[in-house]
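Counting from 1, the numbers follow the sequence of the chain as shown.
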Amino acid sequence: MTTLASGTDTLTRDALTVLQPGFPGTTAPDWLLRRLGEGLASVGLFGRNIASPDQLSSLTAQLRSERDDVLVAIDEEGGDVTRLEARTGSSFPGNHALGAVDDVNLTREVAHELGRRLAECGVNLNWAPSADVNSNPSNPVIGVRSFGADPELVARHTAAYVTGLQSAGVAACTKHFPGHGDTAVDSHHALPRIDADSPVLERRELLPFRAAIAAGSRAVMSAHILVPTLDPDRPATLSLSILTDLLRGRLGYDGLIVTDGMEMQAIAATYGIERGSVLAIAAGADAICVGGGLADDETVRRLRDALVGAVRSGELPEERLAEAAERVRGLAQWTASAAAASTPAEGSASMASTASTASTAEVTRVDIGLVAARRALTVTGADAFTPLTEPPYVALLTPVANIAVGDETPWGVAAELAHRLPGTETAGFAGEDAGGVVLKAAGTRRIVVVVRDEHRHPWMAATLDTLLAARPDTVVVEMGVPQAPPRGALHIATHGAARVCGHAAAEVIAGT
């Protein structure tokens, strides 16, 4: 049973309760355990905190030994954004691959299995799914994290994902409200702006969030974006008009509102994390996510003191903070009851029917991610292609990774091809001279070139021009959004860079 430290007043406990901090390492530091005793109710996990399922289970048990109702949150989208499998790549394709298949039963099943694995390790809140409509092809931070560019498709798969995840006893946190898809700026670095009028926002950005709310999403994450039509002055995370009037009022949402990471530059560089956190709670947010970059006790203390100080000065109504803290506790109660009552996702009994490319014996809960990745492939040129029998040279054209994805997670097809064709070699390349460098490195070996969002990187498109002019038999694997026309002796669009997406592509290339 949770025992709060004596001497911790209600105001201070509430200020701690609304924080969702991170920490370094694979065991909980003493300061974090102490804060849990003082009222902290949530902890956020990232790739740095996870070495294996057994270690993660031990970590969450350690947290619950201090506070049995703690919310353990994670940023586990599957696909490109994985924390559970940050060192190996995800066993599940991401949203864009699921949207490409467009089978809501499959999406529900994938989300349920992902949720089951999280619950098994003691995680009960997932900062997913992304309900952003990727309407801007130049978007540098959403891309394959979105189910697609069609609002109705995104809406139905968002709802299926929420249902599947929560059927495993893990609360969904649908993001990034009111929609981060039509941006060309990454809010990790600056404040994006969406200049769309109300009718466009209603039928595009808001449609998937309405679907998520109807599906019962237990949490919604705000976006650090400026939407002048809704609020000309403040980004969504800090906007009363957007969080309270729109999300709570017009959309009728009564669950937990979580901010995106407050240390992201869209907030930290404009308002500062202390001021930003006070404004977010005042605007209607219930939980402050911080810890992806700032992960120490000093950050927790600063935010706690900022919230307490704002209440005492009259800037933040005490009842607003108390209401936010009560919503956090309410979600913790739901996770406890949902974990006990979790059931297989709807449609699981007929899962074989959702996996038309796999045999019935092959389809199990363990490999549903691979089944989905296979179904998500779009292959051009297969009729004239003869699978490779000799080890190729795999050239990975590597763009700068966005912060949400990170650069610690491996991607590509080289490892999977090496299993099938021993002797396969690989290297990463970037820059305007990459084409010539690849040709020299490959020598006489068959080239497999792997790209990510060719349409967003002119140097990448130029490299493909060079390679295909010199070596028309080059195989091209696009692991981002397949916006550019397919080309190459064989072109495979995987709709994401998860490990299973590479696995599925390698099967086509090697014929096994």
Between E298 and R301, does any side-chain N to carboxylate O distance fall below 4.0 Å?
yes
Do T494 and E478 have side-chain N/O donor and acceptor atoms under 3.5 Å apart?
no
When you compare the side chain of L396 with that of W411, does any pair of heavy atoms fall below 4.5 Å?
yes
Could you check whether any side-chain N or O of T60 sits under 3.5 Å from a backbone N or O of C121, counting only pairs where one atom can act as donor and the other as acceptor?
yes
Using the ring of each side chain (for Trp, its six-membered ring), is H176 parallel, tilted or perpendicular to H180, with breaks at 30° and 60°?
perpendicular
For N139 and T183, test the side chains for any donor-to-acceptor distance below 3.5 angstrom and give the result as yes or no.
yes
Run the numbers on L251 and L246 for side chain to side chain contact (heavy atoms under 4.5 Å, CB included), then give the verdict.
CA-CA 6 Å; L251 272 60; L246 174 57; 3.5 Å; yes
Would R203 and V200 satisfy side chain to side chain contact (heavy atoms under 4.5 Å, CB included), going step by step from the backbone distance to the final call?
CA-CA 5 Å; R203 66 175 180 265; V200 170; 3.5 Å; yes
Between T10 and R13, is any side-chain donor less than 3.5 angstrom from a side-chain acceptor?
yes
Close side-chain approach of D14 and V311, heavy atoms under 4.5 Å
no
Under a 3.5 Å distance rule, please check whether E408 uses its side chain to pair with a backbone N or O of G47 as donor and acceptor.
no
Run the side chain to side chain contact (heavy atoms under 4.5 Å, CB included) check on T463 and F429 step by step: do they pass?
CA-CA 10 Å; T463 299; F429 302 87; over 6 Å; no
Determine whether P53 and E120 make a side-chain contact, defined as any pair of heavy atoms from C-beta on separated by less than 4.5 Å.
no
Classify the ring geometry between F177 and F209 as parallel (under 30°), tilted (30 to 60°) or perpendicular (over 60°).
perpendicular
The reported gap from CZ in R329 to OG in S42 (rounded to nearest 0.5 angstrom) is 10.5 Å
